[in-house]
Each structure stands twice: as C-alpha cells, then as structure tokens.
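Fair warning: this is a prediction, and the values are worked out from it, not measured in the lab. Sequence lines set the chain letters: A, B, ... in the order given, protein chains first and strands last, and positions in each chain run from 1. In what follows, every heavy atom counts, from backbone to side chain, and hydrogens, waters and symmetry copies are set aside.
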Amino acid sequence: MNNIQFTAPPLPHYIISGRDLIIPGHEHPSRRNLGVFDLLYVLEGTLYIAEEQRQYEVRQGQALILSPNLAHVTTKPCEVPTHYFWLHFQTTGAWQHVEQHDYRLPPANIDYAHISTMDMNPFTIELPIYATIKHPSHMFEAMEELSRLRALMHQQSTRWQQQLVFQEIVQQLANSVEREPRSQAAECAELAADYLRQHYQDNVTAKELGEYLNFHPVYIARCMKKHFGSSPMEYLHRYRVHQAKLLLLHTNHSIARIAEEVGFSQAAYFSTIFTKYEGLPPRAFRQSYR
DNA sequence: TACGTAGATTGAAGTACCAG
DNA sequence: CTGGTACTTCAATCTACGTA
C-alpha cells in the first residue's frame, strides 16, 4: 500500500502545524493512535521512522504521512541536525490505503447514470505515504505560510486562509505520486472516450471513431471494454443518459427535444435506453424531483 | 397532446479467434 | 500490439397502440 486515498467531499482539513529541529542523538517521538494524520516534511537531515512493518528514511525534500490508526516508531536517532515541518490534518470522510493506480483513467465500469445530478460528483484524492516532493520551494513556502498564520489563529479569516494553504500542500503531495506509464491500449481507450464525450450529440459511428483515432474499430472496442468495462456504444449511452438527466432536471424541454439534444434521433428509443440504465422512464425521473 | 411500450426488421457493433 | 474475418448480438428505426 503506497498511497492513501481520500473520498471527497469532504476535503481533508488542516488542524495545526509547526517546525521542529532535532539535534544529533535525539529522535522524533514514537506514538500510537494519534487520531489524526501526521505529515512530516524534512528540510534538512533525515528522520528514521517505521510505521507498522515499513521503515522509512525521510530525507531532505521528502515527505511522509503517518496514519491516525497506526503506530509509528523511530528506528534510530538522528545523526545530523534534522529540520522538519510537521502538520496534523484529518478528514471526516472515507479514506483507505491503496496501491497506486493510473489516475488518468476513470474507475473501471464508471456508471454515469448513477452519478447524482443534485449532488456534487464525488471524487478521490490520492496522496503518497512517502514521496519526494517535486517542487520543494513551493512546499516550503506553503509550510512557512502556515507557520506564520498560526500566530493569527484567533481570527476567523485566518482559519479559512489556513485551509486554503493546506489544500495547496495536498496538491503538492498529490502531484508527487509516482505514476506508471500508461499502456497504449489505455491511451487508445481514453482517446476514444474523449471523442465520444465531445461528440455525444452527434450520430457517432464506430467507423468514424476508428478513422479519428487511426485504429481499427474492433481494436478500440477491445481497449474500451478492457479499461472502462464498457463498449464504445455502451459508454456513449451512459454519457448521453447522464446529460439527459441534467436537462430533465434543469429545463422544461420536452422529452423529444432532450432526446434530440443528447444525440438520440428517436424519442422512443431514447426512452428505452434511459429506462434501461435508470430503471424508470425519463418523465418519471423528472416527476420524482418535482 | 405528449409520452411510453412492444414487436418486427435490418444493419452496425461486439466478440472470438487467428495471423503478422 | 494491431488488424482481419466470421459469426453473434444488439442498436436503431418504424409503427401501432396504450396511458397519463
């Protein structure tokens, strides 16, 4: 498990942070059940820390996130003066340890039809447990800013500002996740999906898609099935139904007009497809929200 | 009046398999 | 990894009729 995956909303939130110096022969405190995430970012020197069975040497420019529910111990005292930032954060949402995955691909079997049209679409934030930060100067500035703001924490506006700066730090961490290169098949699948999303209002055919991508339609279908769990047409239908749901809720257009706007030339056929994915016809879907 | 459903038909898309 | 073929499946259309 290399990463921690947070489901948002809610976003992880900042609690408190600080800067510390450990002189040679001394060590970072060992703790268990801290109850919050503990982000360590080393400016100089090295921290020697183990969490459960995994040992880390956190060097200059590297970060380590300790989890709230795991015990972490120092494996040996610092050998040189070690300067680091620590930051406690937490989430009230779901999180889990995960192996890294290719963030550029949507999850397999993505089901657009079941994404609620009244709520914000949930997403995940994946942070590395242990990483070398790609832009150390940005990380340093953000951490310094948090240290400065700490003195002004009695002000409401400061506490808000702290959360904004913390989100920058989260972004820095997320950008430092090492990605595995995408396979050609994954590339093909994603390009095809892009094309379908851009042309869902048109009469898209597999042949056109093949000509656009310079791949055989059979091959494209195979790639999409493998990476999205859907054939191109099924992907297109799900996306069209998703768009139709938005129009049903936010406009008073007739079913026939909405069908046309999302790429169905026959309202009756649109209704059939909508019912297939939603479990109820378009009109019933609209009425259920009115 | 607008919309939903069902059945028949046809051509396009998907799948399995093989080859380069 | 990609393309091609043969076969199967299903999307799309049309129409008629029922329903809110």
Mind calculating the distance between [atom1] ([X]) and [atom2] ([N]) to the nearest angstrom?
X	N	atom1	atom2	value
A:Ile258	B:dG4	CD1	P	10 Å
A:Glu234	B:dG14	CD	P	9 Å
A:Leu196	B:dA13	CG	P	12 Å
A:Tyr219	C:dG3	OH	P	8 Å
A:Met224	B:dT15	CE	C1'	16 Å
A:Ile220	C:dG3	CD1	C1'	12 Å
A:Arg222	B:dA13	CZ	C1'	14 Å

Side chain to side chain contact (heavy atoms under 4.5 Å, CB included) evaluation trace for A:Phe6 with A:Gln96: CA-CA 7 Å; A:Phe6 297 90; A:Gln96 59 176 337; over 6 Å; no
Could I get a table of every N or O pair under 3.5 Å where one atom is in the protein and the other is in nucleotides 8-12 of chain B?
none

Heavy-atom pair of closest approach, residues A:Ile65 and A:Ile4: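 In this case the closest contact between A:Ile65 and A:Ile4 is CG2-CD1, 3.8 Å.
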Atom of A:Ile255, atom of A:Phe270 and distance for their closest heavy-atom approach: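 Closest pair (atom of A:Ile255, atom of A:Phe270, distance): CG2-CE2, 3.8 Å.
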Phosphate-side-chain proximity, A:Thr272 and B:dA6, N/O vs OP1/OP2 below 4.0 Å: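 Negative; the distance criterion is not met.
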Option among A:Phe166, A:Trp95, A:Trp86 that satisfies the ring-ring contact (aromatic ring centres under 6.0 Å, His included) test with A:Phe37: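 Only one of A:Phe166, A:Trp95, A:Trp86 forms a ring-ring contact (aromatic ring centres under 6.0 Å, His included) with A:Phe37, namely A:Trp95.
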Checking contacts here: which listed nucleotide ([options]) is nearest the side-chain heavy atoms of [X]?
X	options	result
A:Ile255	B:dG4, B:dG14, B:dT5	B:dG4
A:Ser271	B:dG4, B:dG14, B:dT15	B:dG4
A:Pro282	C:dC1, C:dG4, B:dG4	B:dG4

Under 3.5 Å: donor-acceptor pair, side chain of A:Thr82, backbone of A:Cys78: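 No; zero donor-acceptor contacts below 3.5 Å.
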Connected-component partners of A:Leu164 among ILVMFWY, side-chain separation under 4.5 Å: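 Traced through the cluster, A:Leu164 reaches A:Trp160.
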Electrostatic pair A:Arg54:A:Glu52 at N-O distance under 4.0 angstrom: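 So A:Arg54 does not pair with A:Glu52 through a salt bridge.
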Could you go over nucleotides 12-15 of chain C and give all protein N or O partners under 3.5 Å, atom names and distances?
from: C:dA12; atom 1: OP2; to: A:His237; atom 2: NE2; distance (Å): 2.5
from: C:dA12; atom 1: OP2; to: A:Tyr269; atom 2: OH; distance (Å): 2.4
from: C:dT13; atom 1: OP1; to: A:Ser265; atom 2: OG; distance (Å): 2.6
from: C:dT13; atom 1: OP2; to: A:Ser265; atom 2: OG; distance (Å): 2.8
from: C:dC14; atom 1: OP2; to: A:Gln266; atom 2: NE2; distance (Å): 2.5

Cluster check A:Leu34, A:Leu47: I/L/V/M/F/W/Y, side chain < 4.5 angstrom: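 Yes: a chain of side-chain contacts under 4.5 Å links A:Leu34 to A:Leu47.
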Pairwise side-chain contact, A:Leu87 with A:Asp38, heavy-atom cut-off 4.5 Å (strictly under):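 Not in contact.
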Quick one: side chains of residues 11-22 of chain A, donor-acceptor pairs under 3.5 Å with protein atoms, not counting sequence neighbours, listed by atom name and distance.
from: A:His13; atom 1: ND1; to: A:Gln90; atom 2: O; distance (Å): 3.2
from: A:Tyr14; atom 1: OH; to: A:Ser17; atom 2: N; distance (Å): 3.0
from: A:Tyr14; atom 1: OH; to: A:Ser17; atom 2: OG; distance (Å): 2.7
from: A:Arg19; atom 1: NE; to: A:His83; atom 2: NE2; distance (Å): 3.3
from: A:Arg19; atom 1: NH1; to: A:Glu144; atom 2: OE2; distance (Å): 2.8

Under the salt bridge (charged side-chain N to carboxylate O under 4.0 Å, His left out) test, residues paired with A:Glu145 that sit two or more places apart: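 Scan of A:Glu145 (salt bridge (charged side-chain N to carboxylate O under 4.0 Å, His left out), adjacent residues dropped) gives A:Arg148.
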Axis-to-axis angle between the two ends of the helix from B:dT1-C:dA20 to B:dG20-C:dC1 (five base pairs per end, rounded to 10 degrees):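 End-to-end axis angle for the helix from B:dT1-C:dA20 to B:dG20-C:dC1: 60°, rounded to 10°.
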